[in-house]
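This report concerns only the one structure given below.
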Amino acid sequence: MSNKLDFFKTFVKDKDVASIVPTSLRCVKKVCTNIDFTEDITLVEYGPGNGVFSEYILEQMSPGSRLILIEANEDFALMLKKNIQDPRAEIHNILAGDVESILNPDDIGNVDYVLSGIPFSFLKKDRKKIVLEATKRILKQGGKFLAYQTSGHLKKPVKEVFGNLETDFEPLNIPPYLIYKVVKNGV
Ligand SMILES: C[S@@+](CC[C@H](N)C(=O)[O-])C[C@H]1O[C@@H](n2cnc3c(N)ncnc32)[C@H](O)[C@@H]1O
């Protein structure tokens with residue numbers, strides 16, 4: 001409950017938080033069925049908020065996997081640094097579009113998954129493209145971009161950058177989410 005209250009307080013202070021409560025565990029699990037936890041993976045998460053996906057992912061991930069969290073809100077970033085004491089995780093208080101600035105050069109083009117909860121609908125068209133293109137550059141061939149959004153507004157820009165898209169829907173979450181599933185094929 002206090003998690004939900006802290007989340008709501010952060011939402012009141014920062015419109016970019018975009019949701020009044022964290023994503024439900026049901027929705028977290030549904031999105032994460034697209035991740036192969038039997039392998040060692042590098043997963044970058046944009047907009048972890050209070051860490052509802054991050055905690056689930058760390059429970060599922062192998063000891064050799066890595067989780068790189070990119071959170072724009074300073075309060076959430078501090079909360080994550082305090083609550084996540086796991087050597088496989090690192091937390092950065094930056095914007096998703098600047099992800100390449102914190103990755104090791106060796107990681108660029110070798111990331112297995114990018115998971116995103118950021119409200120792309122709040123970004124201007126050119127900024128959306130900057131984030132999607134940086135995401136494509138950091139993913140390996142065959143790597144997946146997974147995003148949960150409140151509507152289909154991201155379909156066109158995703159298809160323009162990645163050339164493919166599958167969607168799923170989670171109606172019972174607050175808010176209901178459209179789940180975007182994209183594979184990096186080609187440069
Ligand atoms: C809808 S909330 C999702 C929070 C959490 N992942 C969840 O599922 O409950 C959106 C999150 O994205 C963060 N955010 C918004 N714009 C961002 C950006 N450009 N880069 C990184 N994080 C961003 C917000 O601070 C917030 O934590």
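Order of listing sets the numbers, starting from 1, for every ligand and every atom in it.
Taking atom 3 (C) of ligand 1 as the reference point, the nearest protein heavy-atom neighbour is G47 O, 3.8 Å. Closest to atom 1 (C) of ligand 1, if we only count protein heavy atoms, is V17 O, 3.1 Å. L95 CD2, 3.6 Å is the protein heavy atom nearest to atom 19 (N) of ligand 1. Regarding atom 5 (C) of ligand 1, its nearest protein heavy-atom neighbour is P48 O, 3.3 Å. Nearest protein neighbour of atom 21 (C) of ligand 1, counting heavy atoms only, is A72 N, 3.5 Å. In this structure, atom 23 (C) of ligand 1 lies nearest to the protein heavy atom I118 CG2, 3.3 Å. Scanning the protein for heavy atoms near atom 7 (C) of ligand 1, the closest one is T23 OG1, 3.3 Å.
In the vicinity of I70, heavy-atom distances shorter than 4.0 Å reach the ligand 1 atoms 21 (C), 22 (N). Applying the 4.0 Å criterion to heavy atoms of V52 picks out, from ligand 1, the atoms 7 (C), 8 (O), 9 (O). The atoms of ligand 1 that sit less than 4.0 Å from any heavy atom of P119 are 15 (C), 16 (N). Listed by number with element, the atoms of ligand 1 under 4.0 Å from a non-hydrogen atom of F53 are 8 (O). Counting the atoms of ligand 1 from 1 in the order shown, those under 4.0 Å from a heavy atom of Y177 are 1 (C).
In this structure a side-chain-to-backbone donor-acceptor pair under 3.5 Å is present from E170 to L172. At least one donor-acceptor pair closer than 3.5 Å links the side chain of R88 to the backbone N or O of S62. A distance-only check finds no donor-acceptor pair linking the side chain of D6 to the backbone of N3 [under 3.5 Å]. Here the side chain of E71 pairs a donor or acceptor atom with the backbone of G49 at under 3.5 angstrom. Judged purely by atom type and a 3.5 angstrom limit, K136 uses its side chain to pair as donor or acceptor with the backbone of V161. One N or O on the side chain of N164 and one on the backbone of F162 form a donor-acceptor pair closer than 3.5 Å.
The option from S19, S54, G51, A96 that lies nearest to atom 20 (N) of ligand 1, judged by heavy atoms, is A96. Relative to atom 24 (C) of ligand 1, the option among E71, K15, H92 with the closest non-hydrogen atom is E71. Looking at A77, G49, P22, G117 and measuring to atom 10 (C) of ligand 1, the nearest heavy atom belongs to G117.
By the 4.5 Å heavy-atom criterion applied to side chains, L178 and Y148 are not counted as neighbours.
Using a 4.0 Å heavy-atom cutoff, F76 is listed among the residues neighbouring ligand 1. Note on ligand 1: F122 sits outside its first shell, no heavy atom being nearer than 4.0 Å. Contact annotation: F120 has no heavy atom less than 4.0 Å from any atom of ligand 1.
Ring pair F7/F76: centre-to-centre distance below 6.0 Å.
Here's the thing with Y148: one of its N/O atoms is less than 3.5 angstrom from an N/O atom of ligand 1. Between D14 and ligand 1, not a single N/O pair is under 3.5 Å apart.
Between Y180 and H153, the ring planes lie tilted relative to each other; the angle falls in the 30° to 60° range.
With sequence neighbours left out, the salt bridge (charged side-chain N to carboxylate O under 4.0 Å, His left out) criterion links E160 to K156.
Contact check on D112 versus K144 returns no salt bridge, with no Lys/Arg side-chain nitrogen under 4.0 Å from an Asp/Glu carboxylate oxygen. Salt-bridge formation is detected for the pair R66/D107: a Lys NZ or Arg NE/NH1/NH2 atom is positioned less than 4.0 Å from an Asp or Glu carboxylate oxygen.
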